[in-house]
Amino acid sequence: MESTTEPMEHRTVPTAPTPVSTVPTEQPTPIEYIRSPRAETYLTQDGTREWIPYCVEDKKPREGMVFKTLEKAIEFYKEYAVICGFDVRSATVYKNSKGIIQKYYLCSREGILESEGNYDEKGKRRRKRNSKRVGCKARIIWNLINEDGEYKVTKFFEPHNHCLASPTSMPYLRSSRKMTMVHKNFVNNNTRMNIGPTKSFRLFKENVGSYDNVGATMKDFMNFHRDLKEHIKGDDAKMLIENFIRKRDVFNGFYFDYALDEHDHVSHLFWADATSRKNYSLFGEMISFDCTYDSNTYSMVLAPFTGVDHHKSCITFGVGLLSKEDAQSFEWLFRTFLNAMGNCEPRYLITDQDPAMKVAINEVFVNTRHRLCLWHIMKKVPEKVGPELKQDEDFLKLLNECVWDMEQESEEFEATWNSLMVQYNLVENGWFQHMFSIREHWIPCYFRDLRLGGILRTTSRSESENSFFNNFTNPHVTLVEFYMRFESAMDAQRHKQDKLNTESIHSVPQFITPLPLEKHAAEVYTRKMFYMFQDEVYKACFRCGIRSIRMEENIEIAQVMDHSRQKTSKTSYKDSRVLHS
């Protein structure tokens, strides 16, 4: 700080109002000392009390001080206020053609807030508000003194008519609070994890040790988060599209497309990065597609394309946002998805029973086999059978055993189903009649010709994925905030996959048999898939037995008895090494 000082008489007591004495009229009580340890109190001639802050001389303003710029003058007074324990605010300013010629800065407790009454014009009770205004006269005035832009202190009134902030109160002064880039980045990064400003404030306090070290209040955190959303509001779709364009320019593997409605609002949006597209090329034979809600403030539907990797974990191939769930919207999304994936269709597509989705699938996919999600269908059973039957645990258990058994023959399923319908008087139930008529699309025993049937019969992959995304989103976020949280979700998903890859490469499983087949499986399978295979090996060795073997045209046919289920199955084996003449 650069300043010059004109000669002036040093004052330890203000000239106006004149104090009764130059020493305190009474010793401060312990309570007064705790409240105001930085000031000396005086009793004026009219009987009011004033506080003179303690401050080292080189930090205290004095009349006649000259500053090279007004900014340095203001900075000096603000620093003085922080040291002494009070807040300041900008006040009157006088200007001419040369700029600011006079500037006032006041104690923030200057003035008196007029009472508005307990009720407003409509008769509603006003919210009670505290006022900090007590008519304090402490102030400073600077005047422009030359064409070089220097300013001189022409008036400095030091006394306050209120006690000053104690050390415990200092963190709550406006001058002591500032949302630095550290605070802002912390709030912004926590937003990615669906952590709001209130919890962010508490987490920040734990990081720095105490509330005194935070440097801001919870209200500051909340205000920053509010202002950030307000800044994004209205332009977030534009900001998101511009971000996608920049990503596409930098990363060749990033793909996105969007469509606008008649009001030039984004109605359809799809994106997939290079990793998602690579995962589709590896694991894209089967896709589970479903929509979820309450993911953003515009009520746009989140529509992820979900698959299963070699760890049987969910992976995301691409994501869409739709303003409507009609056939036209789904058709646009499916075609855009295929464009992103080089027009390579999946073998199997599992969805719920949405009729608009079915229409779009038939229009877009030519070679894909569409199947319905059994988990979604079984969720509807309680509402279709009535209040009494949905409480019947025996019925629900028998129905689940009937539909989930993939080992049964189709004839066995149909016989068991019909028996249940008769037993529980559901023969005339329209919903069950319809579901039986489309049984080839959702009953697992009809999927045994599909190589991924074992995955199709598990619980809803899309529902699991939607639940995963819900940990990162909520219905109050903007599109920009949603994408930030989506990126965090993808990071978590891919971190999990990398961890499982590392465990599979750098670990050795426990073997339960001396078979070379089991050891070979450990070398080629991930740990998750190996333990599934190992379970089948165990059952084959210790629960099954061969009842008979016969040969038919170089094909070995065996009758295998599963002793745990008391069921016989036919197994065919053809040795590819056999040469035919």
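FYI, the numbering just counts along the sequence from 1.
With a 4.5 Å cut-off on side-chain heavy atoms, Phe432 and Val385 count as touching. In this structure, the side chains of Phe221 and His183 come closer than 4.5 Å at one or more pairs of heavy atoms. At a threshold of 4.5 Å between non-hydrogen side-chain atoms, the residues Phe289 and Thr306 do not count as touching.
Geometrically, Arg439 engages Phe436 in a cation-pi contact defined by less than 6.0 Å to the ring centre and at most 45° from the axis. Taking the ring centre of Phe511 as origin, the terminal cationic atom of Lys519 falls inside the region bounded by 6.0 Å and 45° from the ring axis.
Ion pairing between a basic and an acidic side chain is recognised when a charged N comes within 4.0 Å of a carboxylate O; Asp535 and Lys539 show such pairing. A salt bridge is defined here as a Lys NZ or Arg NE, NH1 or NH2 lying under 4.0 Å from an Asp or Glu carboxylate O, and Glu285 with Arg347 meets this definition. Look at Arg202 and Glu206 and you find no salt bridge, because none of the NZ, NE, NH1 or NH2 atoms lies under 4.0 Å from a carboxylate O. The pair Arg494-Asp273 meets the salt-bridge criterion, since a charged nitrogen lies less than 4.0 angstrom from a carboxylate oxygen.
With sequence neighbours left out, His311 forms a side-chain contact (heavy atoms from CB on, under 4.5 Å) with Asp309, Ser313, Gln497, Leu500, Asn501, Ser504, Thr526. Partners of Pro382 by side-chain contact (heavy atoms from CB on, under 4.5 Å), not counting sequence neighbours, listed by chain and number: Lys390.
Ring planes of Phe334 and Phe305: perpendicular class, angle over 60° (limits at 30 and 60°).
Side chain of Glu518 to main chain of Ile512: a donor-acceptor pair is present (N/O by atom type, distance under 3.5 Å, no hydrogens or angles). Under a 3.5 Å cut-off, the side chain of Tyr255 and the backbone N or O of Phe270 do not form any donor-acceptor pair. Checking side-chain atoms of Gln493 against main-chain N and O of Thr316 turns up a donor-acceptor pair under 3.5 Å. No donor-acceptor pair closer than 3.5 Å links the side chain of Gln559 to the backbone N or O of Ser548.
No more than 12 heavy atoms of other residues, nucleotides or ligands sit less than 6.0 Å from atom CD of Gln328. Under a cut-off of 6.0 angstrom, the local environment of CD in Gln510 is sparse, with at most 12 non-hydrogen atoms contributed by other residues, nucleotides or ligands.
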